[in-house]
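A short worksheet on the structure shown next.
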Amino acid sequence: MKPDTCIQGKVMIALLAAGQSQRFGGVKLAQSLTNDDLASDDLIANDLASASSEPKPTESKNIVAHYVAGPSPTTLIGHQFHALSEVAARLGASLCVITGAYHEAVAACLPPSAKLVHNPDWKGGLGHSIAAAAKEARSKRAETLLIALGDQLLLGADDYLGLFRARARANTRVCAYYELTLGAPALFHFDDYEALSSLRGDRGAKALLSRRYQEGSLIAMAMEDASVDIDTRSQLMAYLARSKAGAQ
């Protein structure tokens, strides 16, 4: 299918899924979006206990067993991967998932064919995951990099495609604008890869987005749904309750 957006050169999509999810108390991205058992007191207690210690590679298989039975778009990460797979197909782009703290748990929620890039520096925060994505994009000689987050579950394929439609030239950056801030999802150009590759800590790429906006090389696209992400178990429960009510 011929892309219906402004595309020149290769496009890479990076779905960030490396965090430890300490505020959630468990493997957030492996949570089911349909399983009512997630609200059980025992499971919450188990998750809170697991959050008090650093995840170990040998533990991740046991942890994920509570949540998923295999690759499925009905998990949080699976939902986002499914949406971005559609975007990749529409654009002829490549899609990779940046993993970290719960590599095996995240992988178990995705198709076997999913491209996974492990970020060994995930403890350093979001900046390290963005840096890993930029380095992968550079190695693939991608002209454009789309950074997406694993927990913005209100966003669908049309929202991501809207970023591409909004730009007039391939070297124009575009990002979401919500709650008076610039943020993900965001489109970057290969000229940004050096700066992105040097990111550290939890601040992400907001400073670079602000600089590009001030330079006139970035379009801020209103995207209120991007303000909704899942940080805590209560937020997930509230989302599931609203979804169930809306379906009735």
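- Minimum heavy-atom separation, A83 to A157: O-CB, 3.7 Å.
- Distance check, rounded to the nearest 0.5 Å: OG of S21 to CD of Q31 gives 9.0 Å.
- Listed by chain and number, the residues in a side-chain contact (heavy atoms from CB on, under 4.5 Å) with Y178 are Q152, A176, T181, E224, A226, S227 (sequence neighbours excluded).
- For T232, the side-chain contact (heavy atoms from CB on, under 4.5 Å) partners at least two apart in sequence or on another chain are R23, S234, Q235.
- Considering only heavy atoms from C-beta on, D159 stays 4.5 Å or farther from P185 through its side chain.
- How far CD1 of I13 is from CZ of F81: 10.0 Å, rounded to the nearest 0.5 Å.
- Y160 and Q80 make their closest contact through OH-NE2, 2.8 Å (heavy atoms, listed as atom of the first residue, atom of the second, distance).
- Applying the salt bridge (charged side-chain N to carboxylate O under 4.0 Å, His left out) rule to R212 yields the partners D192, E215; only residues at least two apart in sequence or on another chain are considered.
- A search for side-chain contact (heavy atoms from CB on, under 4.5 Å) contacts involving A166 returns V174, M221, not counting sequence neighbours.
- L199 and I98 fall within a single hydrophobic cluster, where Ile, Leu, Val, Met, Phe, Trp and Tyr side chains are chained together by heavy-atom contacts under 4.5 Å.
- Partner I230 forms a side chain to side chain contact (heavy atoms under 4.5 Å, CB included) with one of L29, L76, L149 and no other, that one being L76.
- Atom SG of C96 sits about 5.5 Å away from atom CD of E136, to the nearest 0.5 Å.
- Linking ILVMFWY side-chain heavy atoms closer than 4.5 Å, directly or via other members, places I147 and M12 in a single hydrophobic cluster.
- Among residue pairs with one or both ends in residues 176-190, none qualify as salt bridge (charged side-chain N to carboxylate O under 4.0 Å, His left out); sequence neighbours excluded.
- Residues that satisfy the side-chain contact (heavy atoms from CB on, under 4.5 Å) test with A207, not counting sequence neighbours, are absent from this structure.
- The heavy-atom pair separating H103 from L116 by the smallest distance is CE1-CD1, 3.9 Å.
- Not counting sequence neighbours, the partners of D151 by the salt bridge (charged side-chain N to carboxylate O under 4.0 Å, His left out) test are K28.
- For the atom pair CG (L33) and OG1 (T75), the distance works out to 6.5 Å, reported to the nearest 0.5 Å.
- I77 and V87 fall within the same hydrophobic cluster, where Ile, Leu, Val, Met, Phe, Trp and Tyr residues are linked whenever their side-chain heavy atoms come under 4.5 Å apart, directly or through other members.
- Residue pairs meeting the salt bridge (charged side-chain N to carboxylate O under 4.0 Å, His left out) criterion with at least one partner in residues 193-202, sequence neighbours excluded, do not occur; the list is empty.
- Listed by chain and residue number, H189 satisfy the side chain to side chain donor-acceptor pair (under 3.5 Å) test with D191 (two or more places apart in sequence, or in another chain).
- A single hydrophobic cluster is not seen to contain both F190 and L163; linkage of ILVMFWY side chains at heavy-atom distances under 4.5 Å, directly or through other members, places them apart.
- Cluster annotation: L84 and V117 are assigned to distinct hydrophobic clusters (Ile/Leu/Val/Met/Phe/Trp/Tyr, side-chain heavy-atom contacts under 4.5 Å, transitive).
- Rounded to the nearest 0.5 Å, atoms OG1 (T144) and CZ (F164) are 6.5 Å apart.
- A side chain to side chain contact (heavy atoms under 4.5 Å, CB included) with Y177 is found for one member of L209, L182, I219 and no other, namely L182.
- Contact between L240 and S32 at its shortest, heavy atoms only, is CD1-O, 4.3 Å.
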Can you check side-chain contact (heavy atoms from CB on, under 4.5 Å) on L161 and L91, steps first, answer last? CA-CA 9 Å; L161 288 168; L91 302 179; 3.9 Å; yes
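- Judged by distance alone, the side chain of R167 and the main-chain N or O of R165 form no donor-acceptor pair under 3.5 Å.
- Within the 3.5 Å criterion, the main-chain N or O of L154 finds no donor-acceptor partner in the side chain of Y239.
- In this structure, CG in L196 is found 7.5 Å from OG in S198, a value given to the nearest 0.5 Å.
- Every residue two or more places apart in sequence or in another chain was checked for a side chain to side chain donor-acceptor pair (under 3.5 Å) with D158, and none qualifies.
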Mind listing the side-chain donor-acceptor pairs of residues 124-135 below 3.5 Å, one per line with the distance, residues two or more places apart or on another chain?
residue, atom, partner, partner atom, Å
S129, OG, N119, ND2, 3.2

